[in-house]
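Notes to accompany the following structure.
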Amino acid sequence: MNAVETGATTSGLLRDCGLPRLEAELLLCSVLGCERVWLLAHAEEAIDTSNARSARARFARRRAGEPVSYITGRREFYGLALRVTPEVLIPRPETERLVELALERLPLVAPARVLELGTGSGAIAIALASERPGLAIVATDVSEAALALARRNACEHGAEIDFVLSDWFDALAPGQVDLIVSNPPYVAVGDAHLERGDLRFEPRVALVGGEDGLACIREIAARAQNWLRPNGWLLMEHGYDQGDRCVELLGSLGYAEVADFHDLAGQPRACAGAWRG
Ligand code: GLN
């Protein structure tokens, strides 16, 4: 029996799938278990029937809107290959900025303590642990499924992180950390973006932050003061139009050195404040 379907080649599958090249390549790689560079070097390679069928099925899911990362189960973040499932937000490139801002604020020598709130896939905490192996990191999430995934990702990257099931600070033991970092839900209820693109498939609990999107940001900013050591930092991601309100919020709560930062696309994306204690 000939398992090779006439005409199914790497380049043919990619050409006929009706998807942007990069998405098609990522999906085909996920079927073949190869790197993208392999596809280039094997453009005329015959693809057997079952792989061709799997690839076409994945292409069809993508054409129907499902995020590439949920189909492949993978996403790269800060140079790390992470697993993702529909139970967690897909890590975004703009969130890498939050990692950089955190690294800039963490003391290089002393063994610093970090708390990440709402870790999802574990992306931020694992990126920090990979960059600074000496950090003591606690990472929380309100979702058991997210924590299970984050633990698995951490394990695969040799990252030692203490994962805690907690609704923000609720289940945390009292203590003081050098830095609190979070990419909380910050999209407003009813925001039209929720009905577009990847967001349609992502967990609402990871996206929606109340009527104006700022409910979680407000709660974290107010409660973080009990967990920050003197001169510890709070760093939060926020929506493109929330920078001014976040700066005002942190200022009104008494944080010092309050500042807002842009992501690589030039959008206001993260706010920082130091707690003097
Ligand atoms: N950055 C996401 C988006 O608007 C939202 C993520 C979040 O709420 N933390 O696409």
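Indexing begins at 1, ligand by ligand and atom by atom, following the structure's order. Heavy atoms only: backbone and side chains are in, while hydrogens, waters and symmetry mates are out. Just so we're clear, the structure is a prediction, and the values are computed from it rather than from any experiment.
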Open item on the list: With the threshold set at under 4.0 angstrom, would you say His193 reaches ligand 1 through any of its heavy atoms?
Closed with: no
TODO: Provide the full list of side chain to side chain donor-acceptor pair (under 3.5 Å) pairs with a residue in residues 16-38, sequence neighbours left out, each pair given once.
DONE: Arg21-Glu25, Glu23-Arg62, Glu25-Arg36, Ser30-Arg58, Trp38-His42
TODO: Report yes if some N/O of Leu199 lies less than 3.5 Å from some N/O of ligand 1; otherwise report no.
DONE: no
Task: Pair Asp170 + Arg223: basic N to acidic O under 4.0 Å - done: yes
Task: Element-labelled atoms of ligand 1 that are located less than 4.0 Å from some non-hydrogen atom of Arg92 - done: 1 (N), 2 (C), 3 (C), 10 (O)
Task: Pair Glu248 + Arg245: basic N to acidic O under 4.0 Å - done: no
Open item on the list: Regarding Arg218 and Asp212, does a basic nitrogen lie under 4.0 Å from an acidic carboxylate oxygen?
Closed with: yes
TODO: Check side-chain hydrogen bond (donor to acceptor under 3.5 Å, both in side chains) between Arg92 and all other residues, then give those that pass, not counting sequence neighbours.
DONE: Glu202
- [ ] Run the numbers for me: atoms of ligand 1, each under 4.0 Å from some heavy atom of Pro184, listed by number.
- [x] 7 (C), 8 (O), 9 (N)
Open item on the list: To check your reading of the model: name the closest protein heavy atom to atom 8 (O) of ligand 1, its residue, and the distance in Å.
Closed with: Tyr186 N, 3.1 Å
- [ ] Please confirm whether Gly239 comes under 4.0 Å of ligand 1, counting heavy atoms of the residue only.
- [x] no
Task: Candidate with minimal heavy-atom separation from atom 4 (O) of ligand 1, of Val187, Asn183, Thr95 - done: Val187
TODO: Inspect the surroundings of CD in Gln267 and state if more than 12 heavy atoms from other residues, nucleotides or ligands are less than 6.0 Å away.
DONE: yes
Task: Residue Pro185 vicinity, atoms of ligand 1 by number, heavy atom under 4.0 Å - done: 8 (O)
